[in-house]
Amino acid sequence: MVAPCAGAMVVVAGLPGAAGAIFPHAVGTVLPPGSAAEIVVAASATAPPPPPGYSTATWTRRLSSAREHGVVVQRHESEAALFCVAAPVRAWSRLVVAAVAVTVLDSRRLDATADAVKHTARLVGGNLARMPAARQQL
């Protein structure tokens, strides 16, 4: 799980997996600008500025796609094929407060992974909505 913190996307919870050997994502890791998690969170905002390295047109297209599909699939440039799939987590207020993100090595599993990530994000949001303290904060 990834959440915005001081203008960056930070890993707040996670499970180890095969992709971790290529892209370590331990709790506290700050994700690079323009990550899939940042895109799904930014897609809920009104005209957020693009992060470094993105043109306004490219950033706008990515946000539009995230809004349309409810998920972002992003290929990372590295020695190995590495894909990140992210979906927004919504608070009871419907505000996007975090993202569920999964990093995978096998592109053949992207469709199934996208469905599972969206489902998981909805479940996390549902659990968050049942927490009385979270309702008061968000």
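In this chain, numbering begins with 1 at the start of the sequence shown. Scope of the values below: all heavy atoms of this structure, side chains included, with no hydrogens, waters or symmetry mates.
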Item to complete: Take L110 and V104 through the test side chain to side chain contact (heavy atoms under 4.5 Å, CB included) and record every step on the way to the result.
Response: CA-CA 8 Å; L110 289 176; V104 296; 3.7 Å; yes
Item to complete: Kindly give the heavy-atom pair with the smallest separation between V30 and A8, and that separation in Å.
Response: CG1-CB, 3.7 Å
Worksheet entry | Distance (rounded to the nearest 0.5 Å) between R122 CZ and N127 CG | 13.5 Å
Item to complete: Please answer whether the main-chain N or O of S55 pairs with a side-chain N or O of T58 as donor and acceptor at a distance below 3.5 Å.
Response: no
Worksheet item: Step by step, would you call V2 with L31 a side chain to side chain contact (heavy atoms under 4.5 Å, CB included)?
Response: CA-CA 9 Å; V2 181; L31 298 181; 3.7 Å; yes
Fill in: S65 (side chain) donor-acceptor with R61 (main chain) under 3.5 angstrom
no
Worksheet entry | R90 and L95, any side-chain heavy atoms less than 4.5 Å apart | no
Response to the item:
The side chain to side chain contact (heavy atoms under 4.5 Å, CB included) partner of V89 among V40, V96, V100 is V100
Discussion item. For the CD atom of E38 and the CH2 atom of W59, what is their distance to the nearest 0.5 Å?
Written reply: 4.5 Å
Item to complete: Quick one: pull up CZ in R108 and OG1 in T113 and give me the separation to the nearest 0.5 Å.
Response: 11.5 Å
Practice prompt. Say whether V72 and V10 are linked into one hydrophobic cluster, either directly or through other cluster members, by side-chain heavy-atom distances under 4.5 angstrom.
Written response: no
Discussion item. Let me confirm one number: the CZ-CD1 distance from R67 to I39, rounded to the nearest 0.5 Å.
Written reply: 11.5 Å
Discussion item. So which atom in P48 and which in A42 form the shortest heavy-atom distance, rounded to 0.1 Å?
Written reply: CG-O, 3.4 Å
Discussion item. Please report the interatomic distance CG(L63) to OH(Y54), rounded to the nearest 0.5 Å.
Written reply: 10.5 Å
Practice prompt. Locate the shortest heavy-atom distance separating L128 from V97; write the atom from each residue and the value.
Written response: CD2-CG2, 3.7 Å
Discussion item. When you compare the side chain of V27 with that of V12, does any pair of heavy atoms fall below 4.5 Å?
Written reply: no
Worksheet item: When hydrophobic residues are tied together by side-chain contacts of less than 4.5 Å, even through go-betweens, does M1 share a cluster with V71?
Response: yes
Discussion item. If you compare all heavy atoms of P88 against all heavy atoms of A121, which two are closest, and at what distance to 0.1 Å?
Written reply: O-CB, 3.2 Å
Worksheet item: Considering residues, nucleotides and ligands other than D106, do more than 12 of their heavy atoms fall under 6.0 Å from its CG?
Response: yes
Worksheet item: Nearest 0.5 Å, what's the OG1-CD distance between T103 and Q74?
Response: 9.5 Å
Discussion item. Given 3.5 Å as the limit, does a donor-acceptor pair link the side chain of T29 with the main chain of A26, or not?
Written reply: yes
Response to the item:
Scanning both residues in full, the closest heavy-atom pair of A98 with P4 reads CA-CD, 4.4 Å
